[in-house]
2 protein chains.
Amino acid sequence: MKKLTKTGEEIMHIIWQLNRCTVSDIIQQLGSPKPPHSTISSIVRILEKKGFVDHKAYGRTYEYFPIISKKNYGKTSLQQLVSNYFEGSMDRLVSHIVEEEKVDVEAIKKILDEIPDEEWK
Amino acid sequence: MKKLTKTGEEIMHIIWQLNRCTVSDIIQQLGSPKPPHSTISSIVRILEKKGFVDHKAYGRTYEYFPIISKKNYGKTSLQQLVSNYFEGSMDRLVSHIVEEEKVDVEAIKKILDEIPDEEWK
DNA sequence: GTTAAATAACGTAAAAATACGTTATTATTA
DNA sequence: TAATAATAACGTATTTTTACGTTATTTAAC
């Protein structure tokens with residue numbers, strides 16, 4: 001799976017949220033100053049070329065929709081991060097989170113307890 | 001902190017590992033077919049421009065070294081990932097890891113138990 | 001209906017990343 | 001030491017990303 005660039009990722013988040021949207025819909029979500037329509041248009045076209053979105057034409061207007069889900073992209077990114085910065089070990093990542101990210105151990109234990117048995121692998 | 005591109009990141013990993021190195025040192029670490037010296041040279045120069053490495057000149061040769069640590073970059077990347085794909089919550093990330101990444105709950109509990117008290121925040 | 005404003009995608013300019021040829025200097029060898 | 005090979009950074013060509021101007025179509029207003 002190709003990697004999103006900074007701007008591409010920003011726009012993808014909006015597309016993921018709206019699910020099906022035109023370029024104008026995307027611009028509406030962006031804060032001021034609003035970029036020109038053409039700017040967002042070309043970013044979306046590149047996202048399509050890279051395989052992140054596809055479109056359906058309604059008359060002259062394109063409605064874009066994601067073909068790679070946010071969940072899927074996030075999952076892949078996580079795996080890549082772990083592979084690159086945590087020796088490929090999710091265990092190490094968890095250690096890091098507890099030791100460096102100020103996440104309370106008890107909170108995590110509680111999370112673990114809330115997970116139904118069937119998902120325990 | 002600027003984001004590494006795919007190639008940039010690949011080279012950074014080698015620089016992190018070697019710690020101080022010339023362009024030739026980097027090429028030596030790369031598998032065949034070896035890219036031209038000039039290719040790696042320009043990637044490293046861009047890494048320097050972006051603030052990931054700096055260099056010290058020894059005669060005509062530059063010795064490069066990281067000025068952003070692997071640990072630091074990984075940490076920042078993790079935070080960004082969590083912010084973008086796990087609602088900014090490390091807790092949610094941990095849930096995901098347990099539920100979707102086939103990491104055994106008992107293994108994590110063991111990790112938690114091994115962390116000394118002082119680090120429990 | 002005709003004009004004006006809004007909105008569409010397209011093409012392309014500008015900037016950044018990728019990739020290498022070229023040239024200069026250093027090291028090797030005969 | 002002269003010729004050759006190896007190795008350096010630099011400059012630049014190519015591709016990709018970023019960003020908009022332009023033109024065409026649609027919608028709104030009169």
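Only this structure's heavy atoms are used, side chains among them; waters, hydrogens and symmetry mates stay out. Predicted model only: the values in this text are computed from it and were never measured.
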Exercise. When you look at Tyr85(B) and His13(A), which way does the ring-ring contact (aromatic ring centres under 6.0 Å, His included) test go after all the steps?
Worked result: CA-CA 9 Å; Tyr85(B) 298 97; His13(A) 275 290; 5.1 Å; yes
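Rounded to a whole Å, the OH atom of Tyr64(B) is 6 Å from the P atom of dA9(D). dT14(D) atom P lies 17 Å from atom CD1 of Ile46(B), rounded to whole Å. For the pair Ile40(A) CD1 and dA6(C) P, the computed distance is 19 Å after rounding to whole Å.
As judged by a 4.0 angstrom heavy-atom cut-off over every strand, Thr61(B) is placed among residues touching the sugar-phosphate backbone only.
A salt bridge between Lys56(B) and Glu63(B) is absent, with no side-chain N of the basic residue lying under 4.0 Å from a carboxylate O of the acidic one. Taking 4.0 Å as the cut-off between side-chain N and carboxylate O, Lys3(B) and Glu9(B) do not count as a salt-bridged pair.
Of the side-chain N and O atoms in Ser41(A), none sit less than 4.0 angstrom from OP1 or OP2 of dC10(C). Close to dC20(C), at under 4.0 Å from its OP1 or OP2, lies no side-chain N or O of His37(B). Applying the 4.0 Å criterion to OP1 and OP2 of dT17(D), one finds that Lys50(A) has a side-chain N or O inside that range.
Nearest nucleotide to the Ser42(B) side chain, out of dC10(D), dT7(D), dG11(D): dG11(D).
Trp16(A) and Ser69(A) get closest at one heavy-atom pair: NE1-C, 3.4 Å.
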